[in-house]
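Given the structure is predicted, the values throughout are model-derived calculations rather than measurements.
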Amino acid sequence: GSDVSKWGVAFGVDGDGNGRIDGADSGDSVQPLFSSPGQPVTSAPDVMFHCEGDGYMILYGTGKFLGETDRSNQDKQTIYGIWDFGGGSTDYLGTWDEGSASLSNLTSVTGETLLEQTVVYADYVNNYYLRVLSDNEANWTLCHNGKDDNNDGSIDDSGECHTHAGWYFDLPLAGERVIEDTMIRNGNLIAITFIPNDSPCSGGGMSIVHEMNACDGSRASTPQFDINNDGKIDDNDVLTITVNGDQVQVPPTGKGYDGQLHPPVIVTMPDKKREMKILSSSAGTTETLFEKAEKLGMFYWRQSN
């Protein structure tokens with residue numbers, strides 16, 4: 001709206017019934033969509049439509065590197081994918097308690113939680129640090145308290161609940177954090193994590209570039225990195241690992257680089273089939289990643305007679 005005095009936030013309680021929640025009116029109670037205490041957010045999220053349901057997915061990481069004391073900070077940081085299903089003013093997730101796997105505003109209604117993804121493999125291959133994430137599946141069954149999923153004109157909390165309201169990945173290395181903006185590209189989340197060097201006089205440290213499924217945080221189904229150094233990204237860029245007692249071939253989810261990397265500039269190659277990601281580094285170098293180009297253009301159409 002053009003009238004700033006009528007602006008408010010999406011979630012909370014409109015205490016005086018004037019049609020907005022802004023925290024300034026008597027009785028207003030402003031609520032964030034989601035919070036995780038002790039985890040600062042200093043980089044911008046990216047947003048996309050939900051893959052299967054209504055609303056949006058907000059994808060971001062936590063951590064900061066703003067002062068000298070941050071260099072030695074080893075608090076656990078996390079990459080999150082949070083579902084903003086955008087029903088009414090009470091449809092916020094609340095505070096995340098990982099210990100009980102609960103969200104403060106949803107547990108009393110339907111018991112939603114966040115899907116966890118974990119590292120199932122991490123090691124150095126061809127002098128690069130590589131990690132592979134799990135491929136746990138989310139249950140996006142739309143039946144929370146803000147939706148008439150049965151289309152019967154009523155909302156029944158006891159019969160309308162979804163299991164997952166988003167996903168998370170706890171960063172496993174000491175001091176690992178996200179201080180660069182996340183990016184969604186061709187269905188993948190590009191998230192760069194950073195582990196600072198101990199020395200304040202060094203521009204060093206290590207960055208890990210992640211490309212994971214943006215919908216649920218799982219590992220991508222196809223290779224995203226050239227790990228055998230042949231200049232190509234193909235079916236040969238996979239790792240053979242053991243998962244739940246079985247040997248499987250999987251693409252890496254994250255690849256480590258020296259220095260602090262910044263979000264990539266993306267250049268589409270002349271053949272329109274490949275694109276190059278160029279990442280600048282605090283080490284005074286650039287890193288390049290070649291991938292299949294993002295699919296652009298018309299995917300479907302509708303004609304009315």
Side-chain angles (χ1 to χ4, degrees), residues 34-46 58-82 96 98-99 114-125 127-134 136 166-184 188-200 202-214 216-220 224-225 227 239 241 251-264 277 279-283 285 287 289:
F34 173 83
S35 66
S36 55
Q39 294 188 310
V41 179
T42 59
S43 56
D46 206 352
I58 294 92
L59 308 175
Y60 70 98
T62 68
K64 67 186 179 78
F65 191 49
L66 302 176
E68 187 54 36
T69 57
D70 295 330
R71 185 179 298 279
S72 58
N73 186 287
Q74 296 188 357
D75 292 345
K76 179 179 64 180
Q77 305 300 336
T78 305
I79 298 174
Y80 288 103
I82 300 302
W96 171 238
E98 187 174 341
L114 301 183
L115 173 72
E116 182 181 16
Q117 302 292 356
T118 60
V119 173
V120 296
Y121 172 91
D123 205 346
Y124 279 84
V125 178
N127 296 321
Y128 283 101
Y129 173 83
L130 300 177
R131 68 168 47 147
V132 179
L133 296 195
S134 55
N136 300 326
W167 58 266
Y168 72 101
F169 165 51
D170 285 334
L171 303 178
L173 297 182
E176 188 173 2
R177 66 201 72 183
V178 176
I179 57 174
E180 303 288 353
D181 299 348
T182 55
M183 177 186 295
I184 299 169
N188 286 340
L189 172 66
I190 303 172
I192 302 172
T193 62
F194 179 59
I195 303 99
N197 191 292
D198 291 338
S199 171
S202 170
M206 182 176 76
S207 295
I208 304 173
V209 180
H210 296 80
E211 294 219 18
M212 60 188 76
N213 186 312
D216 59 16
S218 62
R219 62 177 179 259
Q224 307 297 313
F225 304 103
I227 64 172
L239 299 170
I241 66 174
T253 311
K255 184 177 180 180
Y257 296 88
D258 291 336
Q260 179 185 343
L261 292 184
H262 304 290
K277 295 183 176 70
L279 304 98
S280 62
S281 167
S282 64
T285 61
E287 302 289 348
L289 297 174

Enquirer: Rounded to the nearest 0.5 Å, what separation is found between the NE2 atom of H210 and the CD1 atom of I208?
Expert: 5.0 Å
Enquirer: How close do S281 and G259 get, counting heavy atoms only, and between which atoms?
Expert: OG-CA, 3.8 Å
Enquirer: First locate atom CG of L130, then atom NZ of K255, and finally report the distance between them rounded to the nearest 0.5 Å.
Expert: 7.0 Å
Enquirer: Sequence neighbours excluded, which residues qualify as salt bridge (charged side-chain N to carboxylate O under 4.0 Å, His left out) partners of E180?
Expert: none
Enquirer: Go through the steps for Y168 and E116 under the test side-chain contact (heavy atoms from CB on, under 4.5 Å), then give the verdict.
Expert: CA-CA 5 Å; Y168 72 101; E116 182 181 16; 3.4 Å; yes
Enquirer: Tell me, please, which residues at least two apart from T182 pass side chain to side chain contact (heavy atoms under 4.5 Å, CB included).
Expert: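 T182: side chain to side chain contact (heavy atoms under 4.5 Å, CB included) contacts with D46, L189, A191.
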Enquirer: Not counting sequence neighbours, which residues clear salt bridge (charged side-chain N to carboxylate O under 4.0 Å, His left out) with E287? List them please.
Expert: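 Applying salt bridge (charged side-chain N to carboxylate O under 4.0 Å, His left out) to E287 gives none.
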Enquirer: Mind checking the CD-CD1 spacing from E176 to I79? Nearest 0.5 Å is all I need.
Expert: 7.5 Å
Enquirer: Rounded to the nearest 0.5 Å, what separates atom CE in M183 from atom CG in N188?
Expert: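 Between M183 CE and N188 CG, I get 12.5 Å after rounding to 0.5 Å.
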Enquirer: Considering residues at least two apart in sequence or located in another chain, which fulfil the salt bridge (charged side-chain N to carboxylate O under 4.0 Å, His left out) criterion with R177?
Expert: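 Listed in chain order: nothing, the list is empty.
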Enquirer: At their closest point, which heavy atom of S218 faces which heavy atom of M212, and how far apart are they?
Expert: O-CB, 3.4 Å
Enquirer: Just by distance, with hydrogens left out, do S207 and Q260 show a side-chain donor and acceptor under 3.5 Å apart?
Expert: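 Q260 and S207 do not have a side-chain donor-acceptor pair below 3.5 Å.
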Enquirer: Without swapping roles, check the side chain of S134 against the backbone of T118 for a donor-acceptor pair under 3.5 Å.
Expert: yes
Enquirer: Holding to side chain to side chain donor-acceptor pair (under 3.5 Å), I want the full list of residues that pass it with K64, two or more places apart in sequence or in another chain.
Expert: D70
Enquirer: Taking all atoms of both residues into account, what is the closest heavy-atom pair of N136 and D216, and its distance?
Expert: O-OD2, 3.9 Å
Enquirer: Can you list everything that forms a side chain to side chain contact (heavy atoms under 4.5 Å, CB included) with D75? Sequence neighbours excluded, please.
Expert: N73, Q77
Enquirer: D258: what forms a side chain to side chain contact (heavy atoms under 4.5 Å, CB included) with it, not counting sequence neighbours?
Expert: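 Listed in chain order: nothing, the list is empty.
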Enquirer: Closer than 3.5 angstrom, by distance alone: can the side chain of R219 be matched with the main-chain N or O of P252 as a donor-acceptor pair?
Expert: no
Enquirer: Hey, does F34 have a side-chain heavy atom less than 4.5 Å from the side chain of L114?
Expert: yes
Enquirer: Are I179 and L66 packed together at the side-chain level, in the sense that at least one heavy-atom pair is separated by less than 4.5 angstrom?
Expert: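 Not touching, per the 4.5 Å side-chain cut-off.
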Enquirer: Measuring from R71:CZ to I195:CD1, what's the distance to the nearest 0.5 Å?
Expert: 13.0 Å
Enquirer: According to side chain to side chain donor-acceptor pair (under 3.5 Å), who are the partners of E98, at least two apart in sequence or on a separate chain?
Expert: K76
Enquirer: Quick one: do V209 and Y257 satisfy side-chain contact (heavy atoms from CB on, under 4.5 Å)? Show the steps, please.
Expert: CA-CA 8 Å; V209 180; Y257 296 88; 3.9 Å; yes
Enquirer: Can you list everything that forms a side chain to side chain donor-acceptor pair (under 3.5 Å) with D181? Sequence neighbours excluded, please.
Expert: none
Enquirer: Minimum heavy-atom separation for K277 and P264, please, with both atom names.
Expert: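 That would be CB-CB, 3.8 Å.
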Enquirer: Determine, stepwise, if the pair F65 / T42 fulfils side-chain contact (heavy atoms from CB on, under 4.5 Å).
Expert: CA-CA 8 Å; F65 191 49; T42 59; over 6 Å; no
Enquirer: Restricting to side chain to side chain donor-acceptor pair (under 3.5 Å), what partner residues turn up for Y129, sequence neighbours left out?
Expert: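 Applying side chain to side chain donor-acceptor pair (under 3.5 Å) to Y129 gives R131.
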Enquirer: Once ring pair (Phe, Tyr, Trp, His ring centres under 6.0 Å) is applied, do any residues pair with Y121, and if so which ones, sequence neighbours excluded?
Expert: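 Listed in chain order: nothing, the list is empty.
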Enquirer: How long is the gap from CG on L239 to CG on D123, to the nearest 0.5 Å?
Expert: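 If I round to the nearest 0.5 Å, the distance is 9.0 Å.
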Enquirer: Not counting sequence neighbours, which residues clear side chain to side chain contact (heavy atoms under 4.5 Å, CB included) with P45? List them please.
Expert: I58, Y60
Enquirer: Show your working on side-chain contact (heavy atoms from CB on, under 4.5 Å) between L171 and F194 and close with a plain yes or no.
Expert: CA-CA 10 Å; L171 303 178; F194 179 59; over 6 Å; no
Enquirer: Which atom pair, heavy atoms only, marks the closest approach of V178 to S43?
Expert: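 For V178 and S43, the tightest heavy-atom pair comes out as CG1-OG, 3.9 Å.
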Enquirer: Which heavy atom in L59 sits nearest to a heavy atom in I184, and how many Å separate them?
Expert: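 Result for this residue pair: CD1-CD1, 3.5 Å.
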